[in-house]
Number of protein chains: 2
Amino acid sequence: MSTNDARNRAVTMKDVAAHAGVSRTAVSLVLNGRHDVTLASETRARVLQAAADLGYRPNAGARALAQQRSDWYGLVTEIVTAPFAVEVIKGAQDRASSDGKYLLIASTESDPVAESAAIERLLEQRVEGLIYAATWHRAVNVPEIAREVPTVLVNCFDAEGRYPAVVPDERAGGRRAAERLLAAGHRRIGFVNLDPGIPAAVGRREGFHAALREAGVEPDDLLEISGHATAHGGFDAAAELLELREPPTAIFCANDRMAMGAYDAIKERGLRIPRDIAVIGFDNQELISAYLRPALTTIALPFEQMGSVGVDLLAETTAGESTDTKIVTVDCPLLERSSV
Amino acid sequence: MSTNDARNRAVTMKDVAAHAGVSRTAVSLVLNGRHDVTLASETRARVLQAAADLGYRPNAGARALAQQRSDWYGLVTEIVTAPFAVEVIKGAQDRASSDGKYLLIASTESDPVAESAAIERLLEQRVEGLIYAATWHRAVNVPEIAREVPTVLVNCFDAEGRYPAVVPDERAGGRRAAERLLAAGHRRIGFVNLDPGIPAAVGRREGFHAALREAGVEPDDLLEISGHATAHGGFDAAAELLELREPPTAIFCANDRMAMGAYDAIKERGLRIPRDIAVIGFDNQELISAYLRPALTTIALPFEQMGSVGVDLLAETTAGESTDTKIVTVDCPLLERSSV
DNA sequence: ATGAAAGCGCTAACAG
DNA sequence: CTGTTAGCGCTTTCAT
């Protein structure tokens with residue numbers, strides 16, 4: 001057990017040096033494992049022993065000040081409303097810590113003023129870079145102040161392309177969903193899409209169509225509905241689809257919440273999933289998709305990976321290896337469960 | 001737009017002092033809004049102007065070093081698996097920032113080694129206190145190292161009572177659920193409980209019984225089942241209840257996931273909620289409860305509030321106002337929706 | 001190989 | 001009311 005606690009003045013390098021009978025420099029060198037300078041291995045051992053004896057703990061702030069380098073990245077996100085934010089954080093944190101960097105997380109509520117203030121705070125802490133993450137894929141306006149430090153966007157992008165960004169490959173995801181359904185033999189596939197215009201709706205639809213055409217199926221407008229992106233929206237849209245003269249044998253819901261609603265509409269009609277009608281979702285919102293009956297086959301949004309790729313991009317930029325504002329796209333894998 | 005950016009050496013207080021033609025002390029005094037000393041308001045104005053001109057931004061780390069006070073709290077939690085962690089973070093962050101404190105968030109995966117390491121890291125950053133939050137209410141073993149700094153537990157408690165803690169009032173929650181059902185006229189109420197032994201199961205059951213007895217209803221063992229705490233577990237348990245010779249007219253599910261399963265069991269039998277049978281949940285896992293059809297009436301777990309109370313407790317302890325390890329209990333409100 | 005000394009940006013006594 | 005001085009804990013030349 002260490003000998004210092006919050007009450008006693010913390011053990012410093014000076015104490016360690018004194019205890020080991022060496023200079024502060026020596027201590028610093030040893031403790032930082034600097035092998036570019038050669039020191040007597042006996043000295044090294046003495047220092048290590050002294051540090052252990054005294055329960056020495058480096059002061060990260062002091063080191064940052066001396067080195068002019070904080071080892072911190074700031075992550076700003078709308079944490080409150082975001083079941084997804086957690087995954088981005090997880091991915092970013094893991095990746096960052098493998099680089100010896102830490103994450104300072106600032107949550108905002110998409111209030112631009114609060115957002116700028118939050119970033120200001122991060123800059124006062126001298127973060128070396130910023131990750132700006134959105135909860136749904138879209139164009140964003142990053143506060144100007146973010147330009148003072150390398151910044152990368154996650155699950156969003158700058159309308160004028162001024163920042164590097166990482167976003168999900170919506171198109172490939174839509175294609176993958178369609179292909180899965182086609183592979184199961186479906187030809188009449190209903191599509192319950194999100195609000196038209198947003199990147200997720202556009203991309204998923206494009207991929208969906210591309211896959212259909214490649215399989216020789218012409219997309220049918222009658223089978224496509226844009227619903228309100230909730231369970232209720234999914235319920236209504238699915239109900240509409242099922243009332244068609246020639247109803248689809250499968251439904252692709254552009255998110256899991258709508259799929260949840262579609263399940264209800266389907267079950268209400270006494271139909272069985274997937275025997276009578278197959279359903280595939282998008283997002284992989286675990287809480288829903290894993291617990292629906294039957295469990296929902298869906299396309300996952302790779303939040304964790306986006307977080308980690310975001311940090312990669314940031315590391316590159318910080319290191320000055322690259323200053324171009326490329327947009328990296330990450331794949332949306334299929335999660336096979338039991339609804340197809 | 002400010003005149004400094006990441007490339008140029010940042011503007012320091014010295015620069016501001018020079019620009020304003022005053023001493024560094026004066027700058028420090030003005031910028032910290034110290035009204036205990038009196039300075040010429042003209043000086044004050046000059047300093048402010050200079051700071052603005054130069055785009056001065058205080059260096060939080062340097063200030064912390066000088067003041068021997070970081071203004072940081074560390075929050076450690078199993079973030080990955082936790083849809084709830086976010087809410088605790090939100091509550092804690094809001095409360096902390098109103099005290100001028102920041103939160104350093106460390107996520108662990110309930111691996112004790114990683115956990116100690118994470119705390120070690122926080123201590124290196126010289127956090128003034130620690131909040132240790134669990135994702136489900138239980139007794140925990142906090143790493144010894146946490147003792148070096150004031151620490152409070154959220155949604156968990158130390159088996160030996162060595163730390164102050166804030167936990168949900170499970171008992172009152174269970175009582176509230178029962179009372180709601182009783183108020184709707186139900187007398188035969190099924191109870192699908194969590195794994196026996198855990199605080200949530202024990203407390204909710206006690207409260208449930210207490211309310212029943214007060215209403216003159218004797219708890220009936222036949223109506224109580226401990227299920228696996230998932231949608232499947234809820235499905236099976238509800239099915240069992242519905243097969244009873246005298247089935248219940250309402251079911252209290254000890255969490256929303258089980259309620260989700262119960263819905264399916266109920267609907268499969270052609271029964272309507274709440275007309276034929278009422279359902280009440282616990283936890284208020286929004287993604288589920290708000291989107292089920294009908295939306296689920298449930299008892300909310302007050303994560304956000306626990307986070308904020310946790311910070312309060314920590315502030316007290318840090319300020320030395322209190323060193324006792326009291327356990328604060330916070331209320332679980334009823335969320336009225338449409339299933340009762 | 002080791003130690004002395006300067007400095008990172010800021011605060012806080014204390015003297016003017 | 002202002003300026004000087006001395007740290008805070010650590011890193012990093014630069015002599016020795």
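Throughout, protein chains are lettered first and strands after them, A, B, ... in sequence-line order, and every chain is numbered starting at 1.
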5' priority, DNA chain D, between B:Val22 and B:Ala66 [closest heavy atom]: B:Val22
field: Between CD on residue A:Glu144 and CZ on residue A:Arg162, distance to nearest 0.5 Å
entry: 5.5 Å
message: Hydrogens and angles aside, do B:Glu124 and A:Tyr102 bring a side-chain donor and acceptor to less than 3.5 Å of each other?
response: no
task: Round to a whole Å and report the spacing from CG of A:Leu31 to C1' of D:dT11.
output: 12 Å
- prompt: Do B:Thr25 and D:dT4 have a side chain to base donor-acceptor pair shorter than 3.5 Å?
  reply: yes
- prompt: Whole-Å distance between C:dG9 P and A:Arg63 CZ?
  reply: 18 Å
query: Atom CG of B:Asp15 to atom P of C:dC8: distance rounded to whole Å?
result: 11 Å
- line: Exactly one candidate in B:Asp15, B:Leu31, B:Val27, B:Val47 meets side chain to side chain contact (heavy atoms under 4.5 Å, CB included) with B:Tyr56; the answer is B:Leu31
statement: A:Met13 atom CE is separated from C:dG3 atom C1', nearest whole Å, by 15 Å
field: Whole-Å distance separating the CZ atom of A:Arg57 from the P atom of D:dC8
entry: 19 Å
- prompt: Nearest-Å distance, CZ (A:Arg24) to P (D:dT12)?
  reply: 14 Å
- prompt: Is there a side-chain polar atom (N or O) of B:Thr12 under 4.0 Å from OP1 or OP2 of C:dG9?
  reply: no
query: Rounded to whole angstroms, how far apart are CD on A:Gln67 and P on C:dG9?
result: 14 Å
message: With a cut-off of less than 4.0 Å, is there a side-chain N or O of B:Gln68 near OP1 or OP2 of D:dG9?
response: yes
query: Hey, is the side chain of A:Thr43 poking within less than 4.0 Å of OP1 or OP2 on C:dT2, counting only N and O atoms?
result: yes
field: Atom pair CG/OH of B:Leu130 and B:Tyr163 - distance to nearest 0.5 Å
entry: 9.0 Å
- prompt: Within less than 4.0 Å of OP1 or OP2 of D:dT11, is there a side-chain N or O belonging to A:Ser28?
  reply: yes
query: Which whole-number value in Å describes the distance from A:Leu65 CG to D:dG9 P?
result: 12 Å
- prompt: Which residues satisfy the side chain to side chain donor-acceptor pair (under 3.5 Å) test with B:Lys326, sequence neighbours excluded?
  reply: B:Glu316
field: Closest non-hydrogen atom pair, B:Pro150 against B:Glu128
entry: CD-O, 3.4 Å
field: Shortest side-chain distance from A:Asn59, nucleotide among D:dG9, C:dT2, D:dT12
entry: D:dG9
- request: Note down the inter-axis angle between the two ends of the helix from C:dA1-D:dT16 to C:dG16-D:dC1, five pairs each, to the nearest 10°.
  value: 40°
Pairing residues for A:His137 by the ring pair (Phe, Tyr, Trp, His ring centres under 6.0 Å) criterion, not counting sequence neighbours: A:Phe157
